[in-house]
Amino acid sequence: MMRPDEFSPRIVVGITGASGVIYGIRALELLAQLGVETHLVLTRAARATLAQETSWTAADARERASVTHSEHDLGAAIASGSFPADGMLVAPCSVKTLSAIANSFDDNLLVRAADVTLKERRPLVLMVRETPLHPGHIRLMAHASEAGAVLMPPVPAFYTQPSSIDEMVTHTVARALDALSLPHPHASRWSGERSAPSATDRRSVRA
C-alpha cells in the first residue's frame, strides 16, 4: 500500500462496473506518480468488469491505491465533508451511478463520497461510459452538471497520433486529471496547428 507524504493532495477515486475499468486503474497509477494520496472505492460490479476486461485482480487495483474503502462502509472517512479531500474522479462512471449521483441517492459509499464532493464544492469528474445516449441519459448528465460535476465521457483524442490503446487511455485520463487541477507532466499537449497538407496529401486522402 502506497502512502504519499501527509501534505500531498488527496483524491477519491471511484471505479464502477461500466466498461473501461482501465481508466480507473490508470488514474490510480498516474496519481501515484504525482505523489497524490488516493482513496479507492471499487464496486462489486467493477470487480466483475475487471475480471472480464483485464488479467488483473481486485487486489491488483487495491495495491495501486493509498487507501481502499468498501462500497458498503457508509461510515468511512470519505463519507463526511469534514474529511479533507481535493476532489473525486469516477472512472468509469456507469449510468446507474450517474443516476444516483444526479439524484443524491446515497445508497453506497461511492455515491455518498460523490455527493459530499459536490456539497463541499470540490471538483467531481465523471467519466460516463455509455453510448448511444437517450434523452434520459442526457437529462441525468444535465442534473449532475447543474450540481457542479464535470461530465467527461472518455472520448479518445487523435491529434496526438496515438500508436496504441495504452497511449489513448493515458491521454484521456491525463485530461481528467487536468479537470482536477492535477496536470500530469507526461501528458501529450496540443502545441499548435501542424502544417497544412500538400496538394498531393489532399489527393491521397480523397482517394
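Residue numbers run from 1 in the order of the sequence given.
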Enquirer: Indicate yes or no for a side-chain donor-acceptor contact from Ser99 to the backbone of Val95 under 3.5 Å, with no hydrogens or angles considered.
Expert: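 Checking the backbone N and O of Val95 against the side chain of Ser99, no donor-acceptor pair under 3.5 Å is found.
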Enquirer: Answer yes or no: are there more than 12 heavy-atom neighbours, outside Ile165 itself, under 6.0 Å from its atom CD1?
Expert: no
Enquirer: Hydrophobic clustering (ILVMFWY, side-chain heavy atoms < 4.5 Å, transitive) - are Val12 and Leu28 grouped together?
Expert: no
Enquirer: Report the C-alpha separation of Phe158 and His171 in whole Å, then their side-chain angles, then the decisive distance to 0.1 Å, and conclude whether the ring-ring contact (aromatic ring centres under 6.0 Å, His included) test is met.
Expert: CA-CA 10 Å; Phe158 294 96; His171 181 266; over 10 Å; no
Enquirer: Please answer whether the main-chain N or O of Pro153 pairs with a side-chain N or O of Arg129 as donor and acceptor at a distance below 3.5 Å.
Expert: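 Side chain of Arg129 to backbone of Pro153, a donor-acceptor pair under 3.5 Å: no, none is there.
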Enquirer: Can you name the nearest heavy-atom pair linking Met168 to Pro156, along with the distance?
Expert: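 In this case the closest contact between Met168 and Pro156 is CE-CB, 3.2 Å.
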Enquirer: For Asp178, enumerate each residue passing the side chain to side chain donor-acceptor pair (under 3.5 Å) test, keeping only those at least two apart in sequence or located in another chain.
Expert: Arg175, Arg189
Enquirer: Do Met88 and Arg122 touch side chain to side chain, with heavy atoms closer than 4.5 Å?
Expert: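 Result no, sub-4.5 Å side-chain heavy-atom pair not found.
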Enquirer: Is there side-chain contact between Val36 and Pro9, with at least one heavy-atom pair below 4.5 Å?
Expert: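 When only atoms from C-beta onward are counted, Pro9 and Val36 do touch, with a gap below 4.5 Å.
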Enquirer: We want to know whether Ser19 and Glu53 form a side-chain donor-acceptor pair, criterion being a heavy-atom distance below 3.5 angstrom.
Expert: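 Looking only at side-chain atoms, Glu53 and Ser19 do form a donor-acceptor pair, the distance falling under 3.5 Å.
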Enquirer: Which pair of heavy atoms, one from Leu89 and one from Ala176, lies closest together, and at what distance?
Expert: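 Nearest heavy atoms, Leu89 then Ala176: CD1-CB, 4.1 Å.
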Enquirer: Is the shortest heavy-atom distance from the side chain of Val173 to the side chain of Ile22 under 4.5 Å?
Expert: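 Answer no - side chains too far apart.
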Enquirer: Going hydrophobic residue to hydrophobic residue with side-chain gaps under 4.5 angstrom, can you get from Phe105 over to Leu110?
Expert: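 Shared cluster, no.
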Enquirer: Output, in order, the C-alpha distance, side-chain angles, deciding distance and verdict of side chain to side chain contact (heavy atoms under 4.5 Å, CB included) for Cys93 and Leu98.
Expert: CA-CA 7 Å; Cys93 180; Leu98 168 66; 4.2 Å; yes
Enquirer: Side chain of Ser145, backbone of Met141: donor and acceptor closer than 3.5 Å?
Expert: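 Not at all, since once roles are kept as given, no pair shorter than 3.5 Å links the two residues.
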Enquirer: Does the side chain of Val13 reach to within under 4.5 Å of the side chain of His39, using non-hydrogen atoms?
Expert: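 The answer is no, as the side chains (C-beta and beyond) never meet within the 4.5 Å cut-off.
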Enquirer: Tell me which one of Val150, Thr172, Val90 satisfies side-chain contact (heavy atoms from CB on, under 4.5 Å) with Met127.
Expert: Thr172
Enquirer: Where the side chain of Asp73 meets the backbone of Gly75, is there a donor-acceptor pair that is under 3.5 Å apart?
Expert: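 A pair under 3.5 Å: yes.
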Enquirer: Tell me, please, which residues at least two apart from Thr57 pass side chain to side chain donor-acceptor pair (under 3.5 Å).
Expert: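 With sequence neighbours excluded, Thr57 shows a side chain to side chain donor-acceptor pair (under 3.5 Å) to Asp60, given in chain and number order.
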Enquirer: Between Asp166 and Arg26, does the salt bridge (Lys or Arg N to Asp or Glu O under 4.0 Å) criterion hold? Intermediate values first, please.
Expert: CA-CA 9 Å; Asp166 183 75; Arg26 185 57 44 79; 2.9 Å; yes
Enquirer: Please test Leu40 against Ile15 for side chain to side chain contact (heavy atoms under 4.5 Å, CB included), starting from the C-alpha separation and ending with a verdict.
Expert: CA-CA 8 Å; Leu40 171 66; Ile15 303 180; 3.8 Å; yes
Enquirer: Of all the heavy-atom pairs spanning Leu42 and Ala61, show the shortest one and how long it is.
Expert: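 The pair with the smallest heavy-atom distance is CD2-CB, 4.3 Å.
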Enquirer: List in chain and number order the residues that pass side chain to side chain contact (heavy atoms under 4.5 Å, CB included) with Ser94, two or more places apart in sequence or in another chain; answer none if no residue qualifies.
Expert: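 With neighbours one apart ignored, the set is Thr16, Ala18, Lys96, Thr97.
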Enquirer: Carefully, step by step, assess Ile25 and Arg64 under the rule side chain to side chain contact (heavy atoms under 4.5 Å, CB included).
Expert: CA-CA 8 Å; Ile25 300 298; Arg64 287 164 168 77; 3.7 Å; yes
Enquirer: Going by atom types only, do Gln33 and His184 share a side-chain donor-acceptor pair under 3.5 Å?
Expert: yes
Enquirer: Mark yes or no for whether Arg121, through its side chain, and Lys119, through its backbone, hold a donor-acceptor pair below 3.5 Å.
Expert: yes
Enquirer: Are Met152 and Ile101 linked, directly or through intermediate hydrophobic residues, by side-chain heavy-atom contacts shorter than 4.5 Å (ILVMFWY only)?
Expert: no
Enquirer: Evaluate the side-chain proximity of Val116 to Ser80: yes if any heavy-atom separation is below 4.5 Å, no if none is.
Expert: no
Enquirer: May I ask you to decide if His72's main-chain N or O and Asn108's side chain share a donor-acceptor pair within less than 3.5 Å?
Expert: no
Enquirer: Between the main-chain N or O of Ala45 and the side-chain N or O of Thr49, is there a donor-acceptor pair closer than 3.5 Å?
Expert: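 Yes, because the side chain of Thr49 sits within donor-acceptor range (under 3.5 Å) of the backbone of Ala45.
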Enquirer: Decide whether Val41 and Val125 are clustered together by the hydrophobic rule: side chain heavy atoms of Ile, Leu, Val, Met, Phe, Trp, Tyr closer than 4.5 Å, transitively.
Expert: no
Enquirer: Report yes or no: does Thr38 contribute a side-chain atom to a donor-acceptor pair with the main-chain N or O of Ser66 at less than 3.5 Å?
Expert: yes
Enquirer: Quick one: does Gln52's side chain have a donor or acceptor within less than 3.5 Å of a partner on Ala48's backbone?
Expert: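 Answer holds: no.
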Enquirer: Quick one: does Glu167's side chain get under 4.5 Å of Thr160's, heavy atoms only?
Expert: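 Not in contact.
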Enquirer: For Thr68, does its backbone N or O pair with a side-chain atom of Arg62 as donor and acceptor, under 3.5 Å?
Expert: no
Enquirer: Are Leu118 and Leu180 connected into the same hydrophobic cluster when the rule is that any two of I, L, V, M, F, W, Y join if their side-chain heavy atoms are below 4.5 Å apart?
Expert: no
